[in-house]
Structure formats: C-alpha cells, structure tokens
Trainee: 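Following this message is one structure expressed as structure tokens.
Below, each value reflects all heavy atoms present in this structure, side chains not excepted, and no hydrogens, waters or symmetry copies.
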Amino acid sequence: MHTYLVTGGAGFIGSNYIHYMFKKYGDDIRIINVDKLTYAGNLENLKDIENRPNYSFVRADICDKDAISAVFAKEDIDRVVHFAAESHVDRSIESPEVFVQTNVLGTAVMLNCAKAAWELPDGTFKPDHKFLHVSTDEVYGSLEEDGGYFYETTPYAPHSPYSASKASSDMLVKAYMDTYKFPANITNCSNNYGPFQFPEKLIPLIINNALQGKKLPVYGDGKNVRDWLYVEDHAKAIDMVQEKGRLFETYNIGGHNEKQNIQIIHIILDTLREMLPESDPRRANVTDDLITYVTDRKGHDRRYAIAPDKIKAEIGWEPETMFEQGIRKTIQWFFENEEWMKNVTSGDYEKYYDSMYSNR
Ligand SMILES: NC(=O)c1ccc[n+]([C@@H]2O[C@H](COP(=O)([O-])OP(=O)(O)OC[C@H]3O[C@@H](n4cnc5c(N)ncnc54)[C@H](O)[C@@H]3O)[C@@H](O)[C@H]2O)c1
C-alpha cells in the first residue's frame, strides 16, 4: 500500500487529485494532505472524504522544515505529490516575494525533508519511493500566435514572477535528480479548469460574474491563447506519470485545446444560455453586453500550447474530456454548489477583486 504526502491538497487541483485517487484506489492507499490553508485552500473541497480512515489532514506551511520533517517521521511516506504553491499570476505581479517564499523555498524544504527520510547510508534511496513535482507550462515563456508548441526540451523563459518562481522550483528538482539521483519527476501542465476552482481564475470568474450580471473583465484584446485541460484529466496524468513514467523525466501535460480568452467567454455565455431554464431569473443576466475590455495584464504572455507527444507515446495518457463536455460539467458543478461560491467570494476576496478590476 502506498502512503502519499500530498501538499496543497485543499486547493483546486490538489483536491481534485485526492478525489480522483480515492475513486481509483479506494482503501488501497493512504493520503496525508499537508496544506497551509491560504486564501486558496479550502477544506470544504474535501468534506465528502474527510472522515475516511485512510485520509488525514495536517495544517502546515511547506516552508516549515520542522513541521514537514515531523510528517515524514510519523508516517511511512513513499509517494510525494507536491502541488502547494502560490498560483495566481496577477497576485505575483502585485506581491512577488510570497511566490519566491512558497514556490522556491517551500519546494527546497519538501525536497530536503524527503531526501532526509528516504536516503540510505550508501547514498542511494529506498526502493520505489518517488517525488512528483507539479509544475506549469508557463515556465517555457510565450509562443507566437501562428505556431509552435512547448516540448520537454523547450528552453525555460519565464516572464511573470509566478512562472519565474515555478521555473526556479523545477530547477531545484532537476538539481536534486542530477546531484543526488533523487527519485523524482516533473510535470508541466497547461491551464486547468473544473470543480473547486477559485473564482479569481478566468473560467469560474466568468461563470460567477455572468450569473450575477456583473461585468466580464477581458485583458487587452482578449486574444491571448491558453491550452485548456479538464482537471480530472490532469489528476489522472499525474498518477500515470508517477506509476508508469521513467524516473528523472519531465512530462508535459496538455489538452490540445487552444482557445483565445474571448472565445472561452463566448462559449461560457452560450453554454449558460443553453443550460439555464427559461424560468431561471439568472438567465436574463447572461448577455454579451457584460464583456468589458480592461487594461492588459503587465507582461501578458500571448500564447501557450503543449505538445503532449511524450506522455502519450511513453505512458499512453491522452485527455479524455472534450472542452464542450468539460465546460458543461464545470457549469453544472457551479450550479449545484452555489453555497461554495458564496463562501469563497465573501470577505477578503471581494476586497481583492475590487483592487484588481475597479479602476481599470
Ligand atoms: N491551475 C492551473 O491551471 C495550473 C496549471 C499547471 C500547473 N499548476 C500547478 O499546480 C499546483 C496547484 O495549482 P492550483 O491551481 O490547484 O493552486 P491553488 O492556488 O488552487 O491551490 C494551492 C494550494 O496550496 C496551498 N498552499 C499555498 N501556500 C502554501 C504553503 N506555503 N504551505 C502549504 N500549503 C500552501 C493553498 O492553501 C492551496 O490549498 C501549483 O503548483 C501550480 O503551479 C496549476
């Protein structure tokens, strides 16, 4: 039986991954979720699994070496899946330091604690112990509008403080693999969407605002392209890389689903109109007039697009959820979880939202 230490499991992708893993392995795994519960972490995301005897939660900062060592000392961990990070580009532009702190220093602490727990006296590591570092395609920089893809061999060229901090953390993992033969993999994934995504990110923000008849802010000309992947497909890819991938390798994960931001907004508006019954009063709110162009994000990367050839050829992973189906599932989830949305958009989030968009 594998025992997983999942960092950042109360966030968007981490909580979807934990749900996926219990759905797939049931009682045949144990998961210890370590999360600091920043604004982005929410234990409500895990309420239907929190009483499982093979799940436990530890509130800790990944930068706190003593707290992380204590988890390794107490539990016989043989899998680490490291999600915890500051993840929002706009916030990184406003306050870069916390991104360096959590994403770089926190990753160093995670690597060091795992190395200390797993290293044998001869400098090799306990067999079948593995660390997976979850990263982003943003480390590769920006592509031209008219072509090209990110491959695992594409040189790193991060632009935002977020992507620079993720690139640094990837480099640290590579250094541990090269220097100590530390048993790890890195995955670089494109933009995710799905249930439990915090509404500062494009897709839940547009769904939430449109339902309330609030403006839909679009950066610049709206033609920046992202490659969208349904979050459960990402969770599955992470598990497949950890179990079937070659150690020390990087795998790119993407959906071959490139869309301009403005296209995403139109798809969401059309899907909302289709899905909301005539009798639903929110239907009247959903109009194209809500679309409002705002000053572009500083240093906004134009296009990201992943070539997922390696993960497909070596591991057999392919995205399963088509965008039209994934967006319907996501909207349906938000319809059924209005309370979740209300809770996460109250208080501090309102202040943050006003500071980001009110004067643009
Ligand atoms: N969202 C995407 O589209 C996307 C795409 C590719 C890769 N990624 C990567 O996947 C990972 C998860 O992203 P997400 O969108 O779920 O992020 P998220 O912001 O929703 O969740 C991050 C989680 O990490 C926790 N956390 C933050 N700082 C911490 C600290 N110092 N100690 C312990 N826990 C801490 C938060 O409480 C939260 O639960 C990140 O590493 C991100 O870079 C995200």
Trainee: Any chance you could measure T321, atom OG1, to K236, atom NZ, to the nearest 0.5 Å?
Mentor: 9.5 Å

Trainee: Check whether any side-chain heavy atom of P161 sits under 4.5 Å from a side-chain heavy atom of I93, and report yes or no.
Mentor: yes

Trainee: Determine yes or no for a side-chain-to-main-chain donor-acceptor pair under 3.5 angstrom, with N45 supplying the side chain and G9 the backbone.
Mentor: no

Trainee: Taking atom types as modelled, find out whether Y193 and R226 have a side-chain donor-acceptor pair closer than 3.5 angstrom.
Mentor: no

Trainee: Any chance NZ of K126 has more than 12 other-residue heavy atoms, nucleotides or ligands included, within less than 6.0 Å?
Mentor: yes

Trainee: Does a donor on one side chain sit under 3.5 Å from an acceptor on the other, for E50 and Y55?
Mentor: no

Trainee: What I want to check is whether the side chains of N103 and Y162 have a donor and an acceptor closer together than 3.5 Å.
Mentor: no

Trainee: Please step through side chain to side chain contact (heavy atoms under 4.5 Å, CB included) for the pair T7 and V81, ending with a clear verdict.
Mentor: CA-CA 7 Å; T7 70; V81 182; over 6 Å; no

Trainee: Just say parallel, tilted or perpendicular for the rings of H133 and H82, cut-offs at 30° and 60°.
Mentor: tilted

Trainee: Quick one: is the NZ or CZ of R52 closer than 6.0 Å to the six-membered ring centre of F22, and within 45° of its axis?
Mentor: yes

Trainee: Before giving the answer on salt bridge (charged side-chain N to carboxylate O under 4.0 Å, His left out), spell out for R79 and D128 the whole-Å C-alpha distance, their side-chain angles and the decisive distance to 0.1 Å.
Mentor: CA-CA 9 Å; R79 296 282 184 276; D128 197 27; 3.1 Å; yes

Trainee: After noting the C-alpha distance and the side-chain angles of I291 and L269, does the key distance pass the side chain to side chain contact (heavy atoms under 4.5 Å, CB included) rule?
Mentor: CA-CA 10 Å; I291 296 173; L269 291 174; 4.1 Å; yes

Trainee: Which distance, rounded to the nearest 0.5 Å, do you find between the CG of L216 and the CD1 of I206?
Mentor: 4.5 Å

Trainee: Do side-chain atoms of K244 reach the backbone of I315 as a donor and acceptor pair under 3.5 angstrom?
Mentor: no

Trainee: Kindly determine whether D170 and N188 satisfy side chain to side chain donor-acceptor pair (under 3.5 Å), including the steps that lead there.
Mentor: CA-CA 9 Å; D170 291 11; N188 294 93; 3.1 Å; yes

Trainee: Check R282 with D280, please: is the shortest side-chain N to carboxylate O separation under 4.0 Å?
Mentor: yes

Trainee: Quick one: do Q325 and Y230 satisfy side chain to side chain donor-acceptor pair (under 3.5 Å)? Show the steps, please.
Mentor: CA-CA 9 Å; Q325 180 196 357; Y230 192 62; over 6 Å; no

Trainee: Is there side-chain contact between H19 and F196, with at least one heavy-atom pair below 4.5 Å?
Mentor: yes

Trainee: For Y140, check ring-ring contact (aromatic ring centres under 6.0 Å, His included) against everything at least two apart and list the hits.
Mentor: F150, Y156

Trainee: Kindly compute the distance separating CD1 (I238) from OG1 (T187), expressed to the nearest 0.5 Å.
Mentor: 5.0 Å

Trainee: State whether E324 and K329 are salt-bridged, where the test is any N-O pair (Lys NZ or Arg NE/NH1/NH2 against Asp/Glu carboxylate O) under 4.0 Å.
Mentor: no

Trainee: Can L132 be reached from F83 by stepping across I, L, V, M, F, W or Y side chains whose heavy atoms are under 4.5 Å apart?
Mentor: yes

Trainee: For side chain to side chain contact (heavy atoms under 4.5 Å, CB included), just list the numbers for M21 and I31, CA-CA rounded to whole Å, side-chain angles, deciding distance to a tenth of an Å, and then say yes or no.
Mentor: CA-CA 9 Å; M21 292 297 279; I31 294 182; 4.0 Å; yes

Trainee: Between the side chain of N16 and the main-chain N/O of P195, is any donor-acceptor distance below 3.5 Å?
Mentor: yes

Trainee: Taking atom types as modelled and ignoring hydrogens, do the side chains of D78 and H129 form a donor-acceptor contact shorter than 3.5 angstrom?
Mentor: no

Trainee: Under the rule for ring-ring contact (aromatic ring centres under 6.0 Å, His included), what residues qualify as partners of H266, not counting sequence neighbours?
Mentor: none

Trainee: So, using side chain to side chain donor-acceptor pair (under 3.5 Å) as the criterion, who are the partners of R59 when residues are at least two apart?
Mentor: none

Trainee: Counting N and O atoms only, with roles assigned by atom type, does the side chain of E94 sit under 3.5 Å from a partner on the main chain of R91, one being a donor and the other an acceptor?
Mentor: no

Trainee: Test R303 against E145 for salt bridge (charged side-chain N to carboxylate O under 4.0 Å, His left out), laying out the working first.
Mentor: CA-CA 6 Å; R303 174 173 166 255; E145 268 171 27; over 6 Å; no

Trainee: For the rings on F12 and H234, is their centre-to-centre separation under 6.0 Å?
Mentor: no

Trainee: Y251 and W317: aromatic ring centres closer than 6.0 Å?
Mentor: no

Trainee: Which pair of non-hydrogen atoms, one from D227 and one from G254, has the smallest distance, and what is that distance?
Mentor: OD2-CA, 4.2 Å

Trainee: CG/N191 to CG/L229 distance, rounded to the nearest 0.5 angstrom?
Mentor: 9.5 Å

Trainee: Only one of Y20, Y17, Y25 forms a side-chain hydrogen bond (donor to acceptor under 3.5 Å, both in side chains) with D239, so which one is it?
Mentor: Y25

Trainee: Do we get K259 above F323's six-membered ring, with its NZ or CZ under 6.0 Å from the centre and within 45° of the axis?
Mentor: yes

Trainee: I want to check something: taking the side chain as every heavy atom from C-beta on, are E75 and R30 in contact at a cut-off of under 4.5 Å?
Mentor: yes

Trainee: Is it the case that over 12 heavy atoms from other parts of the model lie below 6.0 angstrom from the CG atom of D76?
Mentor: no

Trainee: For the pair K215 and D289, evaluate salt bridge (charged side-chain N to carboxylate O under 4.0 Å, His left out) and give the outcome as yes or no after the intermediate values.
Mentor: CA-CA 8 Å; K215 286 182 179 170; D289 301 340; over 6 Å; no

Trainee: Please step through side chain to side chain donor-acceptor pair (under 3.5 Å) for the pair H2 and D28, ending with a clear verdict.
Mentor: CA-CA 8 Å; H2 295 307; D28 296 339; over 6 Å; no

Trainee: Give the C-alpha distance, both sets of side-chain angles, the deciding distance and a yes or no for side chain to side chain donor-acceptor pair (under 3.5 Å) between K201 and S87.
Mentor: CA-CA 10 Å; K201 304 278 167 68; S87 70; 3.0 Å; yes

Trainee: Could you tell me the separation between the CH2 atom of W118 and the CD1 atom of I77, rounded to the nearest 0.5 Å?
Mentor: 8.0 Å

Trainee: Flag this pair as yes if the NZ/CZ of R302 is under 6.0 angstrom from the six-membered ring centre of Y219 and inside a 45 degree cone about the axis; otherwise no.
Mentor: no

Trainee: Ignoring hydrogens and geometry beyond distance, is a side-chain donor-acceptor pair present between Q332 and E336 at under 3.5 Å?
Mentor: yes

Trainee: So do the side chains of L37 and L43 get within less than 4.5 Å of each other, counting heavy atoms only?
Mentor: yes

Trainee: Is the closest side-chain heavy-atom distance between N252 and K310 below 4.5 Å?
Mentor: no

Trainee: If you round to the nearest 0.5 Å, how far is OG of S169 from CE of M110?
Mentor: 12.5 Å

Trainee: Taking the side chain from N337 and the backbone from W340, do they hold a donor-acceptor pair closer than 3.5 Å?
Mentor: no

Trainee: For a quick check under 3.5 Å, do N343 and E44 share a side-chain donor-acceptor pair by atom type?
Mentor: yes

Trainee: Take L111 and F131 through the side chain to side chain contact (heavy atoms under 4.5 Å, CB included) test and state the conclusion after the steps.
Mentor: CA-CA 8 Å; L111 288 165; F131 188 107; 3.9 Å; yes

Trainee: When you look at E86 and K166, which way does the salt bridge (charged side-chain N to carboxylate O under 4.0 Å, His left out) test go after all the steps?
Mentor: CA-CA 9 Å; E86 287 293 334; K166 290 298 290 188; over 6 Å; no

Trainee: Are S163 and S160 close enough that a side-chain donor and a side-chain acceptor fall under 3.5 Å?
Mentor: yes

